[in-house]
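Shown next, in structure tokens, is the structure this report addresses.
All ligand and atom numbering here is 1-based and tracks the order in the structure. Hydrogens, waters and symmetry mates are skipped; everything else that's a heavy atom, side chains included, is used. In this chain, residues are counted from 1 in sequence order.
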Amino acid sequence: MTVRIGVIGVGMIGQDHIRRLSKVLAGGRVVAVADTDAARAREVAGGLGSARAHATGQEVIADPDVDAVLVCSWGPSHEDYVVAAIRAGKPVFCEKPLATTEAACLNIIEAEVAAGRRLVQVGFMRRYDDSYRAMKRTIDSGEIGAPLMMSSGHRNPSVPGHYTSDMAIVDTAVHDIDIARWLFDDEIAETLVIKPRQNSRGGELHDPLMMILRMRGGALVNVETSVNIDYGYDIRGEIVGETGTVTMAESNTVIVKSRGSFGGRVPEDWRERFMRAYDVELQEWLDACAAGEVRGPSSWDGYAATVATDAGLVALKSGGWATVTLRDKPTIYG
Ligand SMILES: NC(=O)c1ccc[n+]([C@@H]2O[C@H](COP(=O)([O-])OP(=O)(O)OC[C@H]3O[C@@H](n4cnc5c(N)ncnc54)[C@H](O)[C@@H]3O)[C@@H](O)[C@H]2O)c1
């Protein structure tokens, strides 16, 4: 079965997902697109041959030829599209964030609960990365005992001029927050944000930041965001368990030894580092759609991440611990 897909928002990630759906993955075909930039939507649709450019995202969702929806527009617009897709009974893949406010996330959860089944997958692609999956298998096997602590490093060579200290939490650390919840299979209870000496390359930006997450079970996770580190895009991870540790290996496929030293490549950016994870993520979404199922990060995961980043913003301002308070988890989320 070919899943016929409508894409809302055809900017950078939308076009990248269209490329992988059209050229890399099996089982999906993009049949409709929309963007507030109508010329861009027409251009992208034109490049696909038979795809339609609709005037609005709502028209994409209502299109009877669309089986499933991909939301890749700006964060504040996600809520309306995801809720509409749920009400139309269509599976929807929503790029992170699920929504930009807690209230908007709860609206989505309420719509899904009213539908009586999961329809939403959120774009937390790290869960599809080979290294993180191997770390998860190691923890779940019991090989290192109960996990007690994690160090998570999120390093970018540089960021655009409009990047703010809040974005270090909302746009950058959010991936580490989701992966910590997933690896520990636990919710975050509270968070603290510490500001080390500033990197002079970042101007006024609080960079780096150290965000501490205390999980409900007591484990501690420290998330380092360093977004002006120059040398490359470097994702680090180590978990200390009761009887062992699991550490993310370097991501290159070869190590070169020459003239008394050894080395390898550091990825240039997140596209290079997570290219395969994005492919696996969307392939598994397509496979689930074809099977009439929805798997992967849920609206609950999107909601929990947004509540945690909101608490992170409070902690950044106050300098103290901020509590992460979640409502009761509806049964459809397991
Ligand atoms: N998972 C990841 O690692 C990852 C990486 C990059 C971006 N993202 C997320 O993907 C989303 C898009 O990011 P991007 O970098 O592609 O941004 P972008 O600015 O390149 O593209 C967004 C597109 O959405 C369109 N748009 C905005 N509001 C719209 C609306 N209401 N209806 C229809 N179209 C609308 C814009 O015109 C633009 O073409 C964001 O939520 C971002 O956080 C996730």
Would you mind checking if R126 and D129 are paired as a salt bridge, meaning a charged N to carboxylate O distance below 4.0 Å? no
Sidechain-backbone polar pair: K96 side chain, V122 backbone, donor-acceptor under 3.5 Å: no
Please compare V33, D80, I13, D35 and report which has the shortest non-hydrogen distance to atom 5 (C) of ligand 1. I13
Mark yes or no for whether S77, through its side chain, and S73, through its backbone, hold a donor-acceptor pair below 3.5 Å. no
Part of W270 within contact of ligand 1 (heavy atoms, under 4.0 Å): side chain
For the backbone of E143 and the side chain of S141, can you confirm whether one donor and one acceptor N or O come within less than 3.5 Å of each other? yes
Check this for me, if you would: do K136 and D140 make a salt bridge, where the nitrogen-to-carboxylate-oxygen distance has to be below 4.0 angstrom? yes
Selection from E95, K96, H17 by shortest heavy-atom distance to atom 42 (C) of ligand 1: K96
Is the shortest distance from a heavy atom of Q15 to ligand 1 less than 4.0 Å? no
Numbered atoms and elements of ligand 1 in range of M125, under 4.0 angstrom, heavy atoms: 1 (N), 3 (O)
Short N-O contact, E284 and R133, less than 4.0 angstrom: yes
Provide, to 0.1 Å, the distance between atom 21 (O) of ligand 1 and the closest protein heavy atom, together with that atom's residue and name. G11 CA, 3.2 Å
For ligand 1, which atoms have a heavy atom of H78 less than 4.0 angstrom away? 41 (O)
Identify, for atom 15 (O) of ligand 1, the protein heavy atom at the shortest distance, and state residue, atom and that distance. M12 CE, 3.2 Å
Taking 4.0 angstrom as the limit and counting only heavy atoms of R40, give me the atoms of ligand 1 inside it, by number and element. 38 (C), 39 (O)
Test of proximity, A34 against ligand 1: N or O pairs below 3.5 Å: no
Contact (N/O only, under 3.5 Å) between D171 and ligand 1: no
Taking 4.0 angstrom as the limit and counting only heavy atoms of G9, give me the atoms of ligand 1 inside it, by number and element. 24 (O), 34 (N)
Cation-pi check, R295 to W285: give yes when NZ or CZ is under 6.0 Å from the six-membered ring centre and within 45° of the ring axis, no otherwise. no
With the 4.5 Å side-chain cut-off for hydrophobic clustering, are L313 and V221 part of the same group? yes
Exam field: side chain Q198 to backbone L205, donor-acceptor pair closer than 3.5 Å: yes
For atom 32 (N) of ligand 1, which protein heavy atom lies nearest, and how many Å away is it? Y81 OH, 2.6 Å
Closest non-hydrogen protein atom to atom 22 (C) of ligand 1, residue and atom name please, with distance? W74 NE1, 3.3 Å
Which option, C94, P76, S73, owns the non-hydrogen atom nearest atom 11 (C) of ligand 1? S73
R117 bridged to E293 by N-O distance under 4.0 Å: no
With ring centroids as reference points, do W270 and Y233 lie under 6.0 angstrom apart? no
Closest contact, heavy atoms only, I109 versus P330: CG2-CG, 3.9 Å
Ignoring hydrogens and geometry, is there a side-chain-to-backbone donor-acceptor pair from Y303 to S298 under 3.5 Å? no
Tell me whether F124 reaches ligand 1 (any heavy atom closer than 4.0 angstrom to a ligand atom). no
Residue and atom name of the nearest protein heavy atom (relative to atom 12 (C) of ligand 1), distance in Å to one decimal: C72 O, 3.3 Å
Looking at atom 26 (N) of ligand 1, what's its closest protein heavy atom, distance included? T36 OG1, 3.4 Å
For G123, is at least one N or O under 3.5 Å away from an N or O on ligand 1? yes
Please determine whether any non-hydrogen atom of P97 lies less than 4.0 Å from an atom of ligand 1. yes
Please state whether Y278 comes within less than 4.0 angstrom of ligand 1, counting heavy atoms only. yes
